[in-house]
Q: 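Take this structure, written in structure tokens, and hold onto it; I'll ask about it next.
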2 protein chains.
Amino acid sequence: MTEYKAKKRPKQARSRASFDAILDATARLLARRGYEDLTTNRIAEQAGVGIGTLYDFFPNKEAVVAELTGRLMAGVVENMEQAFAEASRMEDPWAGVRHMVTVAVGSLVEERAVFRVLLRQVPFVPQLPVMVSSREAMAALSQRVRIAAGGALDLPMPEEDAWLISEMLYNALLEIAFLDIGPERRQMLTRELARLTYRMAVGRDPEA
Amino acid sequence: MTEYKAKKRPKQARSRASFDAILDATARLLARRGYEDLTTNRIAEQAGVGIGTLYDFFPNKEAVVAELTGRLMAGVVENMEQAFAEASRMEDPWAGVRHMVTVAVGSLVEERAVFRVLLRQVPFVPQLPVMVSSREAMAALSQRVRIAAGGALDLPMPEEDAWLISEMLYNALLEIAFLDIGPERRQMLTRELARLTYRMAVGRDPEA
DNA sequence: ATATAATCCAAGTAATTACTCGGAAAACTC
DNA sequence: GAGTTTTCCGAGTAATTACTTGGATTATAT
């Protein structure tokens, strides 16, 4: 639908700093005050640039949020792809699942206050290309896990089940990452999530 | 935090009609245009009442949305409690799970356009008392399912796992209810969700 | 050094919005 | 039917907000 492309990409170091400052300020404001209180004037003020500067680089407010989402999600996706490559080399699917889940939660936790707002409260974020493709990738992934773990206890509707599993996993990842708890407790929940995911995908508990 | 209680409850039939018209209009507007475009003036116009009337019964905009959420969720909760009572009488936990999941999806589907906005885009809705207690009830419920299905293949952290399962189930219910698909396909997904839930809770597939 | 392009900026604007106010009409009480 | 309460209403207000504009300043190219 609407295009969220930046109006002009910054060309010089000076403007690149402004550009980044705007995105950083946006992240801070989202984390602290939520999406409802986010205004372009406040972003500019927080970023230490004039409001005109903001509109030199972004066509509108949504574009700023979309660009921020893209940047943050790119980091998560990168981590996940690497984790998937590592998991593929692991032979043991149970270890692979554990690793992927751990990395996913870890990638989100670092910026959990921002992600909580972006992924749960901004109306257009779920429809952003980066989000759509991320979720599709997750569904494809949970297919492969199931296959890798052996097809003995197979599910009747492989694609639908893979989609369901990935949706459930995705949401649980967010919930765990968003909780305001200590690292030990988060690690425990992460491990239990891995176990439940394995149960869903394979139909039994992993061997010890 | 903020109180969302109605300023004055309507006492006469005439005002009760206005009150209901306001809530109906709110639901329609949310379904059609989302939370961002929801304005009190538009609600009053849609409802066919003056803006002053709206503020006779509600202290502010959030209170209207909170009241609507309460009403809609009360319906869902009622259905779920009844379904739980029925499921308890069923002996077979697998049939019980299937029944609960089916009823849950069914309760949401009827008003899925409104629920999609309320439950996924309105910042304060998840913190509403009705939502908090609903989710707690779901967690307690998935505990009981696990116990009812026999503790042979037990999970190491019962409470944490019950919480995780209920969160995943809750989110999957929403996803399935929100999809724009036909009833056959929705029924199929619902059934598969029941199976995956059973797998998570019990650790194996239901017999036959 | 000059021309051109990039960057910065903030006062101003037009539109929107939540909510108030004060009084009129209708319903209930006795 | 007088008095009281409930209900209705919409013009008006004060605040907010996304975005424009046009000119000043700085960097780059030649």
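Every chain is numbered from 1, with letters handed out A, B, ... down the list of sequences.
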Q: Starting at atom NZ of B/Lys8, determine the distance to atom P of D/dT5, rounded to an integer number of angstrom.
A: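 After rounding, the gap between these two atoms is 12 Å.
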Q: Give the nucleotide from the list D/dT20, D/dC8, C/dT7 with an atom nearest to the side chain of A/Tyr55.
A: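 Closest of the options to the side chain of A/Tyr55: D/dT20.
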Q: Specify the separation, in whole Å, of atom CG of A/Asn60 and atom C1' of D/dT20.
A: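 Result: 14 Å.
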Q: What is the distance, to the nearest angstrom, from the CG atom on B/Leu54 to the C1' atom on C/dC21?
A: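 Nearest whole value for this atom pair: 16 Å.
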Q: Is there a side-chain contact between A/Thr53 and the phosphate of C/dC9, meaning an N or O under 4.0 Å from OP1 or OP2?
A: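 Checking C/dC9 against A/Thr53, a side-chain N or O does come within under 4.0 Å of OP1 or OP2.
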Q: Using every non-hydrogen atom in the two residues, find where A/Arg199 and B/Val202 come nearest and quote the distance to one decimal.
A: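 Closest approach of A/Arg199 to B/Val202: NH1-C, 3.8 Å.
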Q: Mind calculating the distance between CG (B/Asp37) and P (C/dA18) to the nearest angstrom?
A: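 Atom-to-atom, B/Asp37 to C/dA18, this comes out as 11 Å.
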Q: Looking only at the side chain of A/Gln12 (C-beta and beyond, no hydrogens), which of the listed nucleotides D/dA11, D/dA27, D/dC19 gets closest?
A: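 Within the option list, the nearest is D/dA27.
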Q: Ignoring hydrogens and geometry, is there a side-chain-to-backbone donor-acceptor pair from A/Arg144 to A/Ser88 under 3.5 Å?
A: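 It does not hold such a pair.
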Q: Could you walk me through whether B/Leu164 and B/Met200 pass side-chain contact (heavy atoms from CB on, under 4.5 Å), step by step?
A: CA-CA 10 Å; B/Leu164 273 173; B/Met200 281 198 288; over 6 Å; no
Q: Relative to B/Tyr35, does B/Lys61 satisfy both conditions: NZ or CZ under 6.0 angstrom from the six-membered ring centre, and within 45 degrees of the ring's axis?
A: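 Yes; both conditions hold, so B/Lys61 lies above the ring face of B/Tyr35.
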Q: If you only use heavy atoms from C-beta on, which nucleotide in C/dC19, C/dT7, D/dA18 is closest to the side chain of B/Asn41?
A: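 When the side chain of B/Asn41 is considered, C/dC19 is the closest of C/dC19, C/dT7, D/dA18.
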Q: Quick check: on DNA chain C, is the nucleotide nearest B/Arg14 upstream (toward 5') of the one nearest B/Gly52, or the reverse? Name the residue that is more 5'.
A: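 Whichever sits nearer the 5' end wins; that is B/Gly52.
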Q: Identify which one of A/Leu169, A/Leu174, A/Asn171 satisfies the side-chain contact (heavy atoms from CB on, under 4.5 Å) criterion when paired with B/Asn171.
A: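 Result: among A/Leu169, A/Leu174, A/Asn171, A/Asn171 is the only option passing the side-chain contact (heavy atoms from CB on, under 4.5 Å) with B/Asn171.
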Q: If you assign each of A/Pro10 and B/Ala13 to its closest nucleotide in DNA chain C, which residue comes earlier from the 5' end?
A: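 Upstream on the strand: A/Pro10.
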Q: For D/dC19 and A/Thr40 - does any side-chain N or O of the residue sit under 4.0 Å from the phosphate oxygens OP1/OP2?
A: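 Looking at the OP1 and OP2 atoms of D/dC19, neither is under 4.0 Å from any side-chain N or O of A/Thr40.
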Q: Base, sugar-phosphate alone, or nothing: which one does B/Leu38 contact when heavy atoms must sit under 4.0 Å apart?
A: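 Sugar-phosphate, backbone atoms only, no base.
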Q: Separation of B/Phe58 atom CZ from D/dC8 atom P, in whole Å?
A: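 After rounding, the gap between these two atoms is 12 Å.
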Q: In whole Å, what is the span from the CZ atom of B/Phe57 to the P atom of D/dC9?
A: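 So the two atoms are 10 Å apart, to the nearest Å.
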Q: Could you state the atom-to-atom distance from CD of B/Glu45 to P of D/dC9 in whole Å?
A: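 Atom CD in B/Glu45 sits about 13 Å away from atom P in D/dC9.
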Q: Would you say A/Ser18 reaches C/dC8's phosphate, i.e. side-chain N/O to OP1/OP2 under 4.0 Å?
A: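 Indeed, a polar side-chain atom of A/Ser18 lies that close.
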Q: If you assign each of A/Arg42 and A/Asp56 to its closest nucleotide in DNA chain D, which residue comes earlier from the 5' end?
A: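 First, find each residue's nearest nucleotide; the 5'-ward one identifies A/Arg42.
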Q: Can you tell me how far C1' of D/dT6 sits from CZ of B/Arg16, to the nearest Å?
A: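 Nearest whole value for this atom pair: 12 Å.
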